[in-house]
Amino acid sequence: MKKKTSFLLIVFCILMLIAITRYTAALKNNQKNLPIYENTSVYPAFSLPQLTDTATFIVEAEVVNVSDTIMKEIPVSLTENPENATESLSHPITPITLAIHSSIKGDNIGNELIYYEEGGITSEYVQLPDGYAMKEGMEAILFLNPNGYCWGAQSIFPIAGGNVILNNAAIEYVGEDNVSVLETQTLNSNIRSQIDAQNINVMPTDDFISVIQSIIEN
């Protein structure tokens with residue numbers, strides 16, 4: 001009797017694994033057929049010092065989990081008075097769990113932090129984030145507000161091979177003499193697939209963190 005029960009349990013587990021595998025495959029195929037929309041969010045443009053001053057948290061971190069996309073509702077007023085918000089709009093956000101390697105700015109962060117990426121995969125469409133889409137294993141320096149959101153691409157600095165990929169505002173602040181050029185093809189595929197240019201501007205991660213820390217201290 002025990003052998004029969006064990007056999008049935010094994011068969012059940014195998015069937016469950018097959019069902020999960022088929023569901024995952026179907027979900028991926030369905031995602032490929034979904035329409036893809038660019039991010040339309042508008043963020044204020046910051047210099048590197050302004051971004052550093054504005055951010056509540058600045059962390060060097062690694063993505064350890066990308067959760068399912070959820071819909072966030074925003075109250076909307078149909079009048080000039082924002083207090084008369086009688087309607088709501090919704091947009092997708094994707095919770096990203098970060099393992100903190102170092103806390104550059106911000107108190108009581110702990111070992112993990114949730115970053116809310118604006119965009120994601122819904123049942124009807126794919127909303128691309130502004131800038132880099134976070135993938136498991138990616139490392140980056142992120143500038144975040146108190147609620148775990150950022151200001152688009154300008155506040156995400158991916159780390160590749162010990163170097164930080166810089167944007168124009170960062171290059172303008174640190175100076176071109178402190179910047180090196182790398183070929184995009186040398187990067188990890190998660191990052192390489194998100195960059196159109198053949199070359200990128202970088203500087204050592206420790207040097208970039210020192211620049212941010214000097215801004216904070218001043």
Side-chain angles (χ1 to χ4, degrees), residues 38-63 93-94 96-119 128-135 137-184 186-188 190-218:
E38 298 287 339
N39 190 290
T40 57
S41 299
V42 178
Y43 306 97
F46 294 124
S47 65
L48 188 60
Q50 289 172 334
L51 183 62
T52 301
D53 291 341
T54 303
T56 301
F57 303 110
I58 305 175
V59 296
E60 177 192 0
E62 179 180 350
V63 177
I93 60 171
T94 303
I96 309 291
T97 303
L98 304 172
I100 308 302
H101 289 176
S102 65
S103 174
I104 304 169
K105 180 182 179 182
D107 298 326
N108 302 319
I109 293 179
N111 297 323
E112 288 189 347
L113 186 68
I114 303 297
Y115 154 56
Y116 293 98
E117 181 177 272
E118 296 195 77
L128 299 177
D130 181 73
Y132 298 94
M134 295 290 100
K135 309 289 185 182
M138 281 183 61
E139 298 181 53
I141 293 175
L142 296 98
F143 295 68
L144 305 173
N145 73 10
N147 299 315
Y149 293 87
C150 72
W151 296 271
Q154 66 182 332
S155 45
I156 302 173
F157 294 83
I159 298 173
N163 292 301
V164 171
I165 300 175
L166 303 176
N167 57 30
N168 290 334
I171 295 171
E172 182 178 348
Y173 183 79
V174 303
E176 293 186 0
D177 292 341
N178 298 310
V179 175
S180 301
V181 178
L182 287 181
E183 293 184 358
T184 307
T186 64
L187 301 176
N188 179 284
N190 281 337
I191 302 175
R192 183 174 66 244
S193 62
Q194 301 188 57
I195 300 176
D196 294 330
Q198 294 182 347
N199 299 307
I200 54 171
N201 297 297
V202 302
M203 71 183 302
T205 302
D206 290 342
D207 291 350
F208 185 67
I209 291 176
S210 295
V211 168
I212 299 171
Q213 290 173 331
S214 67
I215 295 174
I216 295 172
E217 293 171 357
N218 293 331

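Bear in mind that the values here come from a model prediction, so they are computed numbers and not experimental data.
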Inset, instruction - Check side chain to side chain contact (heavy atoms under 4.5 Å, CB included) between Ile209 and all other residues, then give those that pass, not counting sequence neighbours. - result: Glu60, Ser102, Ile104, Ile141, Thr205, Gln213
Inset, instruction - Please list, chain by chain and in numerical order, all residues satisfying side chain to side chain contact (heavy atoms under 4.5 Å, CB included) with Asp207, sequence neighbours excluded. - result: Met203, Pro204
Legend entry - Distance in Å, Leu113 CG paired with Tyr115 OH, rounded so as to fall on 0.5 Å steps: 11.5 Å
Legend entry - Audit row: Ile212, Lys105, side-chain contact (heavy atoms from CB on, under 4.5 Å) steps and yes/no: CA-CA 9 Å; Ile212 299 171; Lys105 180 182 179 182; over 6 Å; no
Inset, instruction - Indicate the atoms forming the closest heavy-atom contact of Ala140 with Leu142, along with that distance. - result: O-CD1, 3.7 Å
Legend entry - Heavy-atom closest pair, residues Ile100 and Ala61: CD1-CB, 4.1 Å
Inset, instruction - Identify the two heavy atoms, one from Met134 and one from Glu117, that lie closest to each other, and give their separation to 0.1 Å. - result: N-OE1, 2.8 Å
Inset, instruction - Look up atom CG in Leu144 and atom CD1 in Ile114, then write down how far apart they are to the nearest 0.5 Å. - result: 11.0 Å
Inset, instruction - Please round to the nearest 0.5 Å and tell me the distance separating atom CD1 of Ile191 and atom CD1 of Ile200. - result: 7.5 Å
Can you give each donor-acceptor pair under 3.5 Å made by side-chain atoms of residues 148-162, sequence neighbours left out, with the distance rounded to 0.1 Å?
unit_1: Tyr149; atom_1: OH; unit_2: Lys72; atom_2: NZ; d: 3.2
unit_1: Gln154; atom_1: OE1; unit_2: Phe46; atom_2: N; d: 2.9
unit_1: Gln154; atom_1: NE2; unit_2: Pro44; atom_2: O; d: 2.7
unit_1: Gln154; atom_1: NE2; unit_2: Trp151; atom_2: O; d: 3.2
unit_1: Ser155; atom_1: OG; unit_2: Trp151; atom_2: N; d: 2.8
unit_1: Ser155; atom_1: OG; unit_2: Gly152; atom_2: O; d: 2.9

Legend entry - Qualifying ring-ring contact (aromatic ring centres under 6.0 Å, His included) pairs with a residue from residues 161-180, counting only residues at least two apart or across chains: none
Legend entry - Listed partners of Gln194 passing side chain to side chain contact (heavy atoms under 4.5 Å, CB included), at least two apart: Tyr132, Ala133, Lys135, Met138
Inset, instruction - Please confirm whether the backbone N or O of Gln198 pairs with a side-chain atom of Thr184, one donor and one acceptor, at under 3.5 Å? - result: yes
Inset, instruction - Identify the heavy atoms of Ser214 and Val211 that sit nearest to each other, and give their distance. - result: OG-O, 2.6 Å
Inset, instruction - For residues Ser103 and Ile109, report the shortest heavy-atom separation together with the two atoms involved. - result: OG-CD1, 3.1 Å
Legend entry - Contacts of Val181 that satisfy side chain to side chain contact (heavy atoms under 4.5 Å, CB included) - sequence neighbours left out: Asn199, Asn201
Legend entry - From Leu187 atom CG to Ile195 atom CD1, the distance as rounded to the nearest 0.5 Å: 5.5 Å
Inset, instruction - Quick one: pull up CG in Leu182 and CD1 in Ile165 and give me the separation to the nearest 0.5 Å. - result: 8.5 Å
Inset, instruction - Would you check if Val63 and Leu98 make a side-chain contact, meaning some heavy-atom pair closer than 4.5 Å? - result: yes
Legend entry - Gap between atom CG of Asp53 and atom CG of Leu48 - 0.5 Å precision: 9.5 Å
